[in-house]
Amino acid sequence: MIEPLSEMDRAEALDGLPDWDHDEARDAITRTVVFADFVEAFAFMTRVALIAEKMDHHPEWKNVWNRVDILLTTHDAGGLSGRDIELAEAIDAIMGE
Ligand SMILES: C[C@H](O)[C@H](O)[C@H]1CNC2=NC(N)=NC(=O)C2=N1
């Protein structure tokens with residue numbers, strides 16, 4: 001069982017992730033990223049997939065051509081956990097390159 005984030009930790013984590021929105025209904029964070037074309041979007045998804053597999057923590061996402069809609073939450077915790085924050089930070093690092 002993975003522990004959900006406390007109210008305080010959640011607020012602090014969201015503060016540190018300005019590019020992410022909080023989906024309150026799911027207690028998830030979401031971010032949409034847009035690339036030049038499908039190949040770039042899919043290359044990004046491949047990189048994230050390898051990180052996710054290493055973390056054993058996987059995004060819910062949808063790709064439409066050059067766009068990737070990402071939702072992170074922890075099914076085992078019924079909401080946000082530290083793993084979502086860690087994966088969001090890894091995604092932000094890729095997007096910041
Ligand atoms: C068995 C396996 O470790 C679990 O199902 C992992 C896999 N990836 C996961 N990813 C996410 N986002 N939440 C989880 O609770 C989760 N659990």
Side-chain angles (χ1 to χ4, degrees):
M1 173 71 187
I2 301 165
E3 289 302 314
L5 285 179
S6 71
E7 284 301 323
M8 239 176 78
D9 287 347
R10 175 185 285 99
E12 195 184 305
L14 293 175
D15 249 21
L17 295 170
D19 294 321
W20 294 77
D21 291 321
H22 187 213
D23 177 335
E24 296 200 10
R26 296 251 356 239
D27 192 23
I29 49 176
T30 61
R31 180 175 178 182
T32 294
V33 290
V34 178
F35 297 89
D37 55 27
F38 176 73
V39 170
E40 285 203 17
F42 207 86
F44 162 80
M45 292 176 81
T46 303
R47 289 182 67 187
V48 174
L50 294 174
I51 294 168
E53 188 58 16
K54 256 193 203 145
M55 288 177 64
D56 191 26
H57 195 67
H58 304 88
E60 295 180 31
W61 55 9
K62 182 175 99 170
N63 162 237
V64 180
W65 184 48
N66 66 340
R67 198 181 85 210
V68 186
D69 298 319
I70 309 164
L71 182 148
L72 303 180
T73 191
T74 301
H75 311 121
D76 293 348
L80 281 177
S81 76
R83 289 200 194 176
D84 300 304
I85 308 310
E86 204 182 312
L87 186 54
E89 286 170 353
I91 290 170
D92 283 353
I94 291 174
M95 292 309 296
E97 283 173 359

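In listed order, ligands and their atoms are each counted from 1. Numbers for residues simply follow the sequence, beginning at 1.
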Participant: Do any pairs count as a salt bridge (charged side-chain N to carboxylate O under 4.0 Å, His left out) and have a residue in residues 79-97, sequence neighbours left out, and if so which ones?
Facilitator: R31-D92, R47-E97

Participant: Could I get the full list of side-chain contact (heavy atoms from CB on, under 4.5 Å) partners for D37, not counting sequence neighbours?
Facilitator: V39, E40, W65

Participant: Is any side-chain heavy atom of I51 closer than 4.5 Å to one of L87?
Facilitator: yes

Participant: Looking only at heavy atoms, which two atoms of S81 and E3 are closest? And how far apart?
Facilitator: CB-O, 3.5 Å

Participant: So which residues, sorted by chain and number, lie with a heavy atom under 4.0 Å of ligand 1?
Facilitator: D56, H57, H58, T73, T74, H75, D76

Participant: Apply the side-chain contact (heavy atoms from CB on, under 4.5 Å) test between W61 and each candidate in L72, V48, L71; give the one that qualifies.
Facilitator: V48

Participant: Not counting sequence neighbours, which residues clear side-chain contact (heavy atoms from CB on, under 4.5 Å) with D9? List them please.
Facilitator: L5, S6

